[in-house]
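Each chain gets a letter, A, B and so on, in the order the sequences are listed, and its residues count up from 1. The model shown is predicted, which means the values in this text are computed figures rather than measured ones.
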Number of protein chains: 2
Amino acid sequence: MSNDASSNSRERILAAATRLAQAHGYGGLNYRDLADEVGIKAASIYHHFESKADLGAAVARRYWENSAAALDDMLAKSQDPLRCLRHYPDTFRKALETGNRICLCSFMAAETDDLPEVVMKEVRTFADVNVTWLSKVLSAAAVVGSRESKQRARAIFAAIAGAQLIARSRSDLALYDALIESYRKAGLLPA
Amino acid sequence: MSNDASSNSRERILAAATRLAQAHGYGGLNYRDLADEVGIKAASIYHHFESKADLGAAVARRYWENSAAALDDMLAKSQDPLRCLRHYPDTFRKALETGNRICLCSFMAAETDDLPEVVMKEVRTFADVNVTWLSKVLSAAAVVGSRESKQRARAIFAAIAGAQLIARSRSDLALYDALIESYRKAGLLPA
DNA sequence: ACCTGAACACCGTTCAAGT
DNA sequence: ACCTGAACACCGTTCAAGT
C-alpha cells in the first residue's frame, strides 16, 4: 500500500509546505509552523525529508508535476487548443482564490539569491513545463506561427505571473480578471 | 546642512537597505548584513529607524519617489510620449543589470502576507505611480483611447513586473529583452 | 545625538530516548 | 518505523545602558 502511515505523513507535510510556501516563500517557510499544521513536532519532519533544501525541492517538483498533469489532462479532454488557451489563466486564478496565494514558483523566482540549487532547478522546470505546453497549444490553435510560438508562450507565462503578483498585492481577484482581460484586448492572449 | 553625520548615516542605511531588499526581500533583509555595509552595529540602525517596519516603509517610499521623479523627468525632457513608452522597460532592466536584482515592490508584493501595513501602503503607491504615469503617456501618445488607458497601463505594469521576475529566475538579461520584444510583437506595448 | 553589549525569541538541525 | 524533548549553534530584533 502507498497509503500507510509513512506516506500519509509525507503527503501531509508536502501539502502543508506547499501552501505555506505559496504564502510566505521558501525563506518564510518554517519547520515549527509546518509541523503544527501537520500535527507533529518540527524534529519529526527530518524523518521524511533530509533537509529544508530537500523538502523545498520535493515541494517544487510535486508542484510542477501536478501542473503538468492538469494541463495535459485539460488538453486531452477538450481536444480544443483554443479553449484550453482561454482557460489557462484559471489555473493561476485558483491560487489567488485560495487565501490570496500565488504560484509557488513565482515566489521562489523572487527568492533566487537565497534558494538552494536543488530547489532552483525545479523552479526552472515549472517554467519550462508551462512554456512548453503553451507553445504547443498556441501552435495547434494557430494563434501564432510555430516559429514564434515559444516566444509568445514565454511572454504569456511571464505576463500572467506578473498579473497574479500585482493582484495579490491588492488582495483583489477582480484586478487579476481585469488584467487578463486587458491582455486579451491588447492581443497578447487570444480573445 | 542636510549632509551632516546623521543624515549621511540615514542615507547610507536607506541605500544599502534598498539594495538588500531588492535581492532578498523584506523578510530576507537583515540588520547585521545591513549594518556591516554601512560600517556600524546592527543595534545602531534603531537610532535612525524606529523599527524594521519603519525602515521598510522609508525604503519603499524613497523608492517610489525616485521612480516618480525619474519618469516625470524623462517625459519633461523628451516631450515625446511614444519615445518615453519605448524606454519605460529600461527602468526595470536596470535592476536586473545591477546584480540580477528586481523591483523592490515586486519582491514586496510577493511578501504581502508578512508585510507591515505601513510598508504595504508604499508598495501600493509604487504601483499607482507607475500606472498613473503610463496611463497619461499612453493617452498622450494615442496608443489607446483615454477611456482604456488605465486598463492598458495596469496590464503593461504587471507584464513588465512578470518579465523581470522570470528573467531573474534564469539570471538572463537577454530573456528580459526577448520578453519585452514579445510584448511589442503581440501588441501589448507599442512597436 | 549616537552607538553598543547583551539579552531575547526564533531558526534549522541533531540525537538520545521514547512508543 | 515513527516520533519527540531537549539541546545546539546561529541569527534577527530589541532595549537598557553607555559615551
Can you give the dot-bracket line for DNA chain D, where a pair is Watson-Crick or G-U wobble with both atom distances under 3.5 Å, crossing pairs use [ ], and | marks a partner on another strand? ||.|||||...|||||.||

Please tabulate, for the side chains in residues 94-103 of chain A, all donor-acceptor contacts under 3.5 angstrom to protein atoms that are two or more places apart in sequence or on a different chain.
{"residue": "A/E97", "atom": "OE2", "partner": "A/R93", "partner atom": "NH1", "Å": "2.6"}
{"residue": "A/T98", "atom": "OG1", "partner": "A/K94", "partner atom": "O", "Å": "2.8"}
{"residue": "A/N100", "atom": "ND2", "partner": "A/R168", "partner atom": "O", "Å": "3.2"}
{"residue": "A/N100", "atom": "ND2", "partner": "A/S171", "partner atom": "OG", "Å": "3.2"}
{"residue": "A/R101", "atom": "NE", "partner": "A/R19", "partner atom": "O", "Å": "3.1"}
{"residue": "A/R101", "atom": "NH1", "partner": "A/T98", "partner atom": "O", "Å": "2.8"}

Applying ring pair (Phe, Tyr, Trp, His ring centres under 6.0 Å) as the test, list every pair that has at least one member in residues 68-92 of chain A; sequence neighbours left out. A/Y88-A/F92, A/Y88-A/W133

Counting primed atoms, P, OP1 and OP2 as sugar-phosphate and everything else as base, the B/S/- map of nucleotides 3-13 of chain C against protein heavy atoms under 4.0 Å is BBB-----BBB

B/D172: salt bridge (Lys or Arg N to Asp or Glu O under 4.0 Å) partners, not counting sequence neighbours: none

Any side chain to side chain donor-acceptor pair (under 3.5 Å) involving residues 152-164 of chain B? Give me the pairs, sequence neighbours left out, ordered by first then second residue. none

Can you check the A/E11 CD to D/dC2 P distance for me, whole Å? 13 Å

Going by ring pair (Phe, Tyr, Trp, His ring centres under 6.0 Å), name the pairs with one or both residues in residues 22-43 of chain B, residues two or more places apart or in two chains. B/Y31-B/Y46

Show me the donor-acceptor pairs within less than 3.5 Å that the side chains of residues 136-148 of chain A make with the rest of the protein, sequence neighbours left out.
none

List the atom pairs, donor and acceptor, that lie under 3.5 Å between side-chain atoms in residues 115-122 of chain A and the rest of the protein, sequence neighbours left out.
{"residue": "A/E117", "atom": "OE2", "partner": "A/R124", "partner atom": "NH2", "Å": "2.7"}
{"residue": "A/E122", "atom": "OE1", "partner": "A/W64", "partner atom": "NE1", "Å": "2.8"}
{"residue": "A/E122", "atom": "OE2", "partner": "A/R61", "partner atom": "NE", "Å": "3.4"}

Before accepting this row, confirm whether a basic side-chain N of the pair B/E65/B/R62 lies closer than 4.0 Å to the acidic partner's carboxylate O. no

